[in-house]
Trainee: 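Please read through the structure below; I'll follow up with questions.
All values derive from a computational prediction rather than experimental measurement.
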Amino acid sequence: MEVGDVPDDFPRDAMTAVVSGATPKVCVRLVSGVYCANQPDEERLERWLICEDLAVQLVPVARRDAVSNPALSARQTLQRVKAAVQAKNWLPAGELDWLVRRLAALLHW
């Protein structure tokens, strides 16, 4: 996989920070000897691969939940899966929302 394979709708980390004090501050990180204020493309690729893998792994989980709870709509089942992943605190909010959309697409829901 290459950086160009990451879908356009996959979120980019926005480097937000709250730093106390009277002196102005700039929030950056050191990447390959260069200070960057945004997420490097390679890191975004890695995050996307993690989310894509998780979405694929969650397909049978969502299907089992749908079969176990036939009264629930597809949307409700996706919300239940989202809540379970959110409780694990594995992903930031933007990636979690993308994951649920991707899961819905994989399930054709």
Trainee: Taking the side chain as every heavy atom from C-beta outward, state whether E46 and L49 have any pair of such atoms under 4.5 Å apart.
Mentor: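 A side-chain contact is absent here, since even the closest heavy-atom pair is not under 4.5 Å.
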Trainee: So which heavy atom on L103 is nearest to which on A55, and how close?
Mentor: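 Taking every non-hydrogen atom into account, CD1-O, 3.6 Å.
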Trainee: Are the side chains of D9 and R101 in contact, using a 4.5 Å heavy-atom criterion?
Mentor: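 Sidechains of D9 and R101: in contact.
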Trainee: If every non-hydrogen atom of R44 is compared with every non-hydrogen atom of P11, which pair is closest and at what distance?
Mentor: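 Result for this residue pair: NE-O, 3.6 Å.
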Trainee: When you compare the side chain of R12 with that of D41, does any pair of heavy atoms fall below 4.5 Å?
Mentor: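 Yes. Closest side-chain heavy atoms under 4.5 Å.
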Trainee: Could you go step by step and tell me if W48 and D5 meet the side-chain contact (heavy atoms from CB on, under 4.5 Å) rule?
Mentor: CA-CA 9 Å; W48 171 65; D5 295 331; 4.1 Å; yes
Trainee: Determine whether R80 and N69 make a side-chain contact, defined as any pair of heavy atoms from C-beta on separated by less than 4.5 Å.
Mentor: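 Answer yes - side chains close enough.
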Trainee: Are I50 and L58 in one and the same hydrophobic cluster, where Ile, Leu, Val, Met, Phe, Trp and Tyr link if side-chain heavy atoms are under 4.5 Å apart?
Mentor: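 In one cluster: no.
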Trainee: Tell me the closest heavy-atom pair linking V3 and L45, and the distance in Å.
Mentor: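 Heavy-atom minimum between the residues: N-CD2, 3.9 Å.
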Trainee: Can you check whether K82 reaches L99 side chain to side chain, under 4.5 Å on heavy atoms?
Mentor: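 Answer no - side chains too far apart.
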Trainee: Between the main-chain N or O of G94 and the side-chain N or O of D97, is there a donor-acceptor pair closer than 3.5 Å?
Mentor: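 Such a contact is absent between D97 side chain and G94 backbone.
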Trainee: Would you say the side chain of R102 lies within less than 4.5 Å of the side chain of P7, judging by non-hydrogen atoms?
Mentor: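 No, every pair of side-chain atoms sits at 4.5 Å or beyond.
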Trainee: State, to 0.1 Å, how close F10 and W98 come at their nearest heavy-atom pair, and which atoms those are.
Mentor: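 Answer, listing the atom of F10 first, then W98: CD1-CD2, 3.5 Å.
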Trainee: State yes or no: do L91 and V6 share one hydrophobic cluster built from I, L, V, M, F, W and Y residues joined by side-chain heavy-atom distances below 4.5 Å, directly or via other members?
Mentor: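 Result: no, two separate clusters.
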Trainee: For A62 and W109, work out which heavy atoms get closest and say how close.
Mentor: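 That would be O-CH2, 4.0 Å.
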Trainee: Heavy-atom distance under 4.5 Å between the side chains of T77 and R63, does that happen here?
Mentor: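 No - every pair of side-chain heavy atoms lies 4.5 Å or more apart.
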Trainee: Any side-chain heavy-atom pair from V81 and V100 closer than 4.5 angstrom?
Mentor: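 They are not in side-chain contact.
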Trainee: Please find the pair of heavy atoms, one from Q76 and one from A71, that lie closest to each other, and give the distance.
Mentor: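 Scanning both residues completely, I find the closest heavy atoms to be OE1-O, 4.2 Å.
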Trainee: L72 and V85: same hydrophobic cluster, using ILVMFWY side-chain contacts below 4.5 Å?
Mentor: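 In one cluster: no.
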